[in-house]
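Structure first, then comments.
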Amino acid sequence: MVELRILRNETERVIAGYKKRNLPEEQIALIAQIIAKDDLRKSVQSQMDIELARLNQLAKEIGDLFKTGKKTEAEVLKNEVSAVKEIVKKQEEELASAKTFIEENLIQLPNIPFHLVPAGKSAEDNEVYKQGSGPLPVLAEDALPHWDLAKKYDLFDMELGVKISGSGFILYRNKGARLQRALINFFLDEATKAGYEEIQPPLLVNADSARGTGQLPDKEGQMYFAEKDELYLIPTAEVPVTNMYRDVLLKDEKFSIRLCGYTPCFRREAGSYGAHVKGLNRVHQFDKVELVRIEHPEKSYAVLDEMLSHVEGLLLKLELPYRILRLCGGDMGFTSAMTYDFEVYSAAQKRWLEVSSVSNFESFQANRMKLRYKNEKGDSVLAHTLNGSALALPRIMAALLENHQDGNGIRIPEALRPYTGFDSIR
RNA sequence: GGAGGAAUGGCAGAGUGGUUUAACGCGGCGGUCUUGAAAACCGUUGACUGUAACAGGUCCGGGGGUUCGAAUCCCUCUUCCUCCGCCA
């Protein structure tokens with residue numbers, strides 16, 4: 001949720017930012033309406049406070065009168081109390097409706113893009129921030145896409161996934177299953193080396209948590225929901241891990257906070273079918289190691305760069321051709337202020353696959369979660385939150401299989417061999 | 001799933017209708033003393049809202065109610081603990 005304070009104090013920057021996101025005019029107009037409503041809220045609140053102070057005063061006087069036995073005088077004051085209460089009741093209603101208006105509309109406004117975010121409408125307008133070195137690999141004519149490689153080497157089974165669960169669920173087996181486990185351990189170890197605390201969170205979360213990181217209300221349809229217990233299956237570890245710090249006031253400046261977690265991720269991905277979602281390209285359940293940072297506002301963009309380097313290091317060790325995109329305003333997620341996507345080139349599919357998304361949310365999530373710290377002056381200030389995938393497994397798996405095939409089998413990159421226990425798949 | 005108990009400041013813990021503007025203690029911060037530290041002593045120490053700054057208002061797990069007045073009484077929800085049942 002955008003801070004009302006920012007809406008008020010930096011209205012021009014907010015509007016310019018929303019234009020980068022191509023927000024419709026009527027949504028931009030909300031800003032002025034929210035501020036006006038907040039003005040009203042303030043004035044009603046201060047009038048009501050005066051009446052409440054009067055009530056407190058009267059209650060005290062009545063108490064004193066009862067003590068000294070002056071019952072008739074007390075009765076007179078009681079009448080006055082009920083008159084004041086009438087007024088307060090109306091003010092309360094007015095206040096509640098103003099607050100509701102502010103809340104309901106504020107939650108519909110996306111995060112304000114950082115000044116470096118390019119303007120643009122869709123994925124085509126994303127900026128190539130960095131192209132990995134070297135030419136893109138070219139494979140032999142008979143190179144296979146990963147779904148065929150999986151069949152050839154018995155690595156995972158789509159049909160069994162369908163049989164057991166449904167379309168979009170994968171059953172990994174043999175060296176495929178082992179490769180999954182190897183990747184998870186590799187990613188976790190790399191995160192640990194970089195100073196991240198390893199977390200194993202719950203996979204089902206309540207509505208408060210889903211709201212805290214911004215999945216609710218706007219992405220409700222993307223999540224699986226266990227109705228009987230009102231719990232959501234997590235779409236990413238970001239949700240439970242970031243919510244560790246919901247309603248937290250950090251005492252000393254305990255920055256930087258570095259957390260990582262491996263979890264399965266569940267996404268309904270309603271409505272996405274077709275060639276581009278074949279094989280591992282898009283599935284309902286996948287594994288991912290996620291990095292989460294909670295940081296001082298002044299440091300958050302330096303931290304974002306640091307996270308980019310971490311993810312880049314992983315791809316280099318896996319010997320995968322990659323590029324880094326800076327997402328344009330129109331393609332960026334609702335809650336993000338700036339996002340970098342990592343894409344890996346699949347030589348067999350001859351296309352780029354998104355394998356990681358690294359974002360700075362600034363105070364957007366922290367505002368919803370009331371995640372604050374005490375600054376030197378003793379004020380409570382919202383912290384900044386960031387997260388990034390490091391990495392999501394299915395497309396990494398796809399790219400590994402496809403790019404490292406040589407006709408005789410699949411070569412396992414050096415860095416992964418201690419984890420797989422084998423150096424090739426044949 | 002059944003029965004009972006509990007939820008108060010960073011922690012611990014009093015408080016069962018009116019100077020509670022929440023006691024005492026621990027911890028934190030500042031000071032005295034000291035070469036420095038410890039100990040001792042003195043002072044200070046919640047969040048939110050609001051104001052130019054005061055003032056004022058709200059908050060004792062959440063929500064609702066009774067009352068002139070609620071941490072305290074009532075209803076409801078949630079969570080935790082104990083016992084029983086079930087169980088990887």
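Throughout, a chain's letter reflects where its sequence line sits, starting with A, and its residues are numbered from 1.
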Problem - Six-ring centre of Phe422(A), Lys175(A) cation under 6.0 angstrom, axis tolerance 45° - result: yes
Practice task
Return the 5'-most residue of the pair Gly63(A), Asp38(A) with respect to RNA chain B, ranking by each residue's nearest nucleotide.
Solution key: Gly63(A)
Practice task
Decide, yes or no, whether a salt bridge links Lys151(A) with Asp148(A) under the criterion of side-chain N to carboxylate O below 4.0 Å.
Solution key: no
Handout entry: Pair listing, salt bridge (charged side-chain N to carboxylate O under 4.0 Å, His left out) test, anchored in residues 87-106 of chain A, at least two apart
Key = none
Exercise for the section: Scan Leu155(A), Ile396(A), Thr420(A) and name whichever one has a side-chain contact (heavy atoms from CB on, under 4.5 Å) with Leu179(A). Expected result: Thr420(A)
Problem - Atom-pair distance (CG on Leu55(A); C1' on A70(B)), nearest Å - result: 15 Å
Practice task
Could you state the atom-to-atom distance from CG of Asp39(A) to C1' of U51(B) in whole Å?
Solution key: 15 Å
Practice task
Write down the distance between CG (Asp247(A)) and P (U78(B)), rounded to a whole number of angstrom.
Solution key: 19 Å
Handout entry: Whole-Å gap separating C1' (U19(B)) and CD (Glu61(A))
Key = 15 Å
Practice task
Quickly work out the Lys89(A) NZ to G64(B) P distance and round it to whole Å.
Solution key: 14 Å
Problem - Contact state string [nucleotides 53-62 of chain B, B base, S sugar-phosphate only, - no protein heavy atom under 4.0 Å] - result: ---BSS----
Completion exercise
For RNA chain B, consecutive-pair runs of 3 or more (Watson-Crick or G-U wobble, both H-bond-type distances under 3.5 Å) give B:1-7 with B:78-84, B:27-32 with B:40-45, B:46-49 with B:56-59, B:61-65 with B:73-77
Scan nucleotides 45-48 of chain B against the protein and return all N/O pairs shorter than 3.5 Å with their distances rounded to 0.1 Å.
unit_1 : atom_1 : unit_2    : atom_2 : d
A47(B) : OP1    : Lys374(A) : NZ     : 2.3
C48(B) : OP1    : Arg372(A) : NH1    : 2.7
C48(B) : OP1    : Ser380(A) : OG     : 2.7

Problem - Pairwise ring pair (Phe, Tyr, Trp, His ring centres under 6.0 Å) hits with a residue in residues 72-109 of chain A, at least two apart - result: none
Practice task
Assert yes or no for the condition that the ring centre distance of Tyr301(A) to His384(A) is strictly below 6.0 Å.
Solution key: no
Problem - Residue pairs passing the side chain to side chain donor-acceptor pair (under 3.5 Å) test where at least one lies in residues 76-86 of chain A, sequence neighbours excluded - result: Arg54(A)-Glu80(A)
Exercise for the section: In whole angstrom, give me the gap between the C1' atoms of G1(B) and U72(B). Expected result: 34 Å
Handout entry: Side-chain touch Tyr232(A)/Leu216(A), heavy atoms, less than 4.5 angstrom
Key = yes
Problem - Member of Glu306(A), Glu197(A), Glu295(A) meeting the salt bridge (charged side-chain N to carboxylate O under 4.0 Å, His left out) criterion with Arg258(A) - result: Glu306(A)
Which atom pairs, one a donor and one an acceptor, fall under 3.5 Å between side chains of residues 2-9 of chain A and the rest of the protein, sequence neighbours left out?
unit_1  : atom_1 : unit_2    : atom_2 : d
Glu3(A) : OE1    : Arg5(A)   : NE     : 3.2
Glu3(A) : OE1    : Arg5(A)   : NH2    : 3.1
Glu3(A) : OE2    : Ser363(A) : OG     : 2.6
Arg8(A) : NE     : Asp38(A)  : OD2    : 3.3
Arg8(A) : NH1    : Asp39(A)  : OD1    : 3.2
Arg8(A) : NH2    : Asp38(A)  : OD2    : 2.8
Arg8(A) : NH2    : Asp39(A)  : OD1    : 2.8
Asn9(A) : ND2    : Arg5(A)   : O      : 3.4

Fill in the blank from the handout: Residues passing the ring pair (Phe, Tyr, Trp, His ring centres under 6.0 Å) test with Tyr340(A), sequence neighbours excluded, are Tyr129(A)
Exercise for the section: Would you indicate what Lys60(A) reaches in the nucleic acid, counting non-hydrogen atoms under 4.0 angstrom: base, sugar-phosphate, or nothing? Expected result: nothing
Practice task
Provide the distance between the two C1' atoms, one in C33(B) and one in G46(B), to the nearest whole Å.
Solution key: 31 Å
Handout entry: C74(B) to C26(B) separation - P atoms, rounded to the nearest Å
Key = 35 Å
Problem - Gap in Å between the two P atoms, one belonging to A70(B) and one to U20(B), rounded - result: 16 Å
Problem - Residues touching RNA chain B, which here means a heavy atom under 4.0 Å, drawn from residues 73-86 of chain A - result: Lys78(A), Val81(A), Lys85(A)
Handout entry: Nucleotide G17(B), atom C1' - distance to CD1 of Ile62(A) in whole Å
Key = 15 Å
Problem - Distance between P atoms of G9(B) and A23(B) (Å, rounded) - result: 13 Å
Handout entry: Whole angstrom value for the distance that separates C1' of C68(B) from CG of Asp64(A)
Key = 12 Å
Problem - By ring pair (Phe, Tyr, Trp, His ring centres under 6.0 Å) - contacts of Phe187(A) (at least two apart) - result: none
Practice task
Could I get the full list of ring pair (Phe, Tyr, Trp, His ring centres under 6.0 Å) partners for Tyr419(A), not counting sequence neighbours?
Solution key: Phe186(A)
Practice task
With sequence neighbours excluded, tell me which residues meet ring pair (Phe, Tyr, Trp, His ring centres under 6.0 Å) with Phe286(A).
Solution key: none
Exercise for the section: Determine the interatomic distance between C1' on A55(B) and the same-named atom on C41(B); round to the nearest Å. Expected result: 36 Å
Problem - G15(B) to A6(B) separation - C1' atoms, rounded to the nearest Å - result: 16 Å
Handout entry: NZ/NE/NH1/NH2 to OD/OE distance under 4.0 Å, Lys317(A) and Glu414(A)
Key = no
Practice task
Could you work out the separation of G85(B) and A14(B) based on their C1' atoms and round it to a whole Å?
Solution key: 38 Å
